[in-house]
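Below is one structure, written out as structure tokens; the observations come after it.
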Amino acid sequence: MAKLFESGEDWETRKDRIIGLGDRSFHKSYYPQLRQNLDRLERFRTLIDHTSDFVILIALPEGIVVDANAALGHLLGESVEKLIGQPLASLELLDVTILLADLRLDMSALNTSVETPPHFLVTEYGCGEASIWLELSYRVAMVEHVCYGVLVGRDFTEHKLAQDRIKFLVHHDVLTGLPNVLLVQDRLQQAISLADRNHEKLALLVVDLDQFKTVNDTLGRRVGDQVLITAANRLRECLQGTDTLCRQGGDEFLILLPNLNDPDASVIVLSKLMLGFLMPLRVDDKELTMTVSVGVSMYPDDGADFDTLLKKADMAMYRAKHDGGNTYRFFNQEMNEEAQERLVMHVGLRQALEKGEFVLHYQPQIELDSGHLVGVEALIRWNHPELGLVPPARFIPAAEENGLIVPIGAWVLREACREAVRFQNAGLSRLVVAVNLSALQFKRGDIAQSVRLALEESGLAPELLELELTESILIGDTERVLSTVMGLKEMGVKLSIDDFGTGYSSLAYLKRFKVDKLKIDQSFIRDLAHDVEDEAIVRAVIQMAHSLGLQTIAEGVENKEVLDRLKLYHCDEIQGYFISRPIPATEFVTAYAPSHSR
Ligand code: C2E
Ligand code: MG
Ligand code: MG
């Protein structure tokens, strides 16, 4: 039979010892009676010694240990006997001052026969790594007119650690260990109260890493994670102890700068942040240049609560990004109006397609050597019932944000192909129509299917359709993009890179994606005749393109001087206001079709 008692006795032996029975073959039904006969105290002692909670009985009001169970001995690693007669304070388990005060108070209440509820306490015992947490309840008890304090406790460490971990996870980002947005919200609330009291301001900063997506896409998630950790450390180094840094998600961080007595104080921190990212980040023995775009909103000027301040700092951050990144912007009213307009765009765009409010305008592309019209770029406009003809820069970003660019882009393809056939029928037989594609059409839409459908429906020969891609499309999810682009090439359509020179301008992808043409961005063309740097870039791009067997077209040619320069550099084609602005299809036919010659 198993040993049941601390002394090592089993039930049979103990029973014999206690009630003096020699007969070991008594029936089970005697047990209840036997138990009754057991000394009550002995039974109680056994129970107490077998409970995993520790129990301490102290004499009141002195606080001397009268008794304790085996669990306390296990916890302290010494015999319970040694503790008996010692003051409770000598156990060093807990700070007994408050505990004894509570018990003494309850004791006097007990004297006036008021039942007192137990007290609860969670406390740390020991220090450092070896420390444990105890959960304790204590109350007074009267036994035969003597007052005792009864303390019952247990090792709470595992529970406490799990609780702490949950609390940490709720308020922190696992990857960087930084607080998350919940904690910042909390801190902002406190900082606002303090700022009000001291008549100070505070700033909320949204910090976004400029090149993170590229790093993540090209070097993989693991490196991406390392970059985030390193960037978080870099940000931390730029801040003071009172500032709060948190990861809001993705590559976006929030910084709360409290106690600003003038707004310029935040500029010092902002300059520090910008300088902090001048040095490349070291990740896996690689040096990565990372810059940040920062948006700032101020309390109380820009808002009185977290959501408003965050929204405005976000707008300012987008403005910083829009202005080329690696900079900061303070929120201002103009940004608010822009955001307001974006909202109007979002709402209106949903119906614009169904209502047929989009139109395409066409801008001619001229071969420089011959002066012949060789192509035309289809450029979308929104014929808004109230706003009039809205240029694409005002609604394409919104359409990209809400994904509507996918169906809109598909419509552009069908419409442009349909019109191209009309141009052919009007006598412009070898005219290539160029259509702009958005990165989202590659990512979310089935671009190959849209192109196939547009060609089939219109009957346009594939070689007369040119798709204008941006560099950002090609550096994305490379393998998938590569197979999509290859599929398009196999269909026989032409490919060009729009706004060339403003992105990564990588030679590798030009070869890999077998593009046909580079469209040199207008920013290099505008001052070509007067800016030596632009001149050098344009000449280099043309030479490089030619040596790779690619054609070149210059966008944004506005005067004869620029045209002449481009001729000198052997640029193949030009497009720009000097030739014509983008015009409606009918006007285009009237102006350029041989049968409509002026
Ligand atoms: P983009 O593809 O680079 O188109 C050239 C832009 O430059 C056009 O602006 C055109 O009107 C303008 N432009 C042409 N020649 C000159 C010039 O000599 N001087 C100046 N200052 N500007 C000139 P637009 O039509 O406002 O289009 C802006 C951008 O919107 C386009 O830039 C393109 O990225 C985008 N876009 C236009 N249509 C579509 C479309 O159907 N789908 C997509 N995804 N994007 C489109
Ligand atoms: Mg274009
Ligand atoms: Mg362009």
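Numbering of ligands and ligand atoms starts at 1, following listing order.
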- Message: Does K443 have more than 12 heavy atoms from other residues, nucleotides or ligands lying within 6.0 Å of its NZ?
- Response: no
Which protein N or O atoms sit under 3.5 Å from any N or O of ligand 1? Give atom names and distances.
residue: ligand 1; atom: 2 (O); partner: E377; partner atom: OE2; Å: 3.0
residue: ligand 1; atom: 2 (O); partner: N436; partner atom: OD1; Å: 2.8
residue: ligand 1; atom: 2 (O); partner: D498; partner atom: OD2; Å: 2.7
residue: ligand 1; atom: 3 (O); partner: D499; partner atom: OD1; Å: 3.1
residue: ligand 1; atom: 3 (O); partner: E555; partner atom: OE2; Å: 3.1
residue: ligand 1; atom: 7 (O); partner: Q522; partner atom: NE2; Å: 2.5
residue: ligand 1; atom: 15 (N); partner: Q363; partner atom: NE2; Å: 3.0
residue: ligand 1; atom: 18 (O); partner: Y577; partner atom: N; Å: 2.8
residue: ligand 1; atom: 19 (N); partner: E558; partner atom: OE2; Å: 2.5
residue: ligand 1; atom: 21 (N); partner: E558; partner atom: OE2; Å: 3.1
residue: ligand 1; atom: 22 (N); partner: Q522; partner atom: OE1; Å: 3.3
residue: ligand 1; atom: 22 (N); partner: Y577; partner atom: OH; Å: 3.3
residue: ligand 1; atom: 25 (O); partner: R381; partner atom: NH1; Å: 2.8
residue: ligand 1; atom: 25 (O); partner: R381; partner atom: NH2; Å: 2.8
residue: ligand 1; atom: 38 (N); partner: I380; partner atom: N; Å: 3.1
residue: ligand 1; atom: 42 (N); partner: N436; partner atom: O; Å: 3.4

dist K494:NZ -> L464:CG (nearest 0.5 Å) comes out at 7.0 Å
What lies under 2.8 Å from the Mg ion (ligand 3), restricted to protein N/O/S atoms, is D498 OD1, D499 OD1, E555 OE1, E555 OE2
- Message: Looking only at the aromatic ring of each residue, does the gap between the centers of Y362 and F423 stay below 6.0 angstrom?
- Response: yes
side-chain hydrogen bond (donor to acceptor under 3.5 Å, both in side chains) filter on Q522, not counting sequence neighbours, yields none
**Asked** Does a side-chain N-to-carboxylate-O contact under 4.0 Å join E468 and K517?
**Response** no
Distance col, row D314:CG vs R319:CZ, nearest 0.5 angstrom, shows 14.0 Å
Interatomic distance, CD@Q441 vs CG@L413, rounded to 0.5 Å, equals 6.5 Å
Check residues 576-583 and write down every donor-acceptor pair under 3.5 Å in which the side-chain atom is one partner and the other belongs to a residue at least two apart or another chain.
none

Looking at E377, the N, O or S atom sitting nearest the Mg ion (ligand 2) is OE2
Hey, are the side chains of I525 and V538 touching, using non-hydrogen atoms and a 4.5 Å cut-off?
yes
NZ/NE/NH1/NH2 to OD/OE distance under 4.0 Å, D369 and K567
no
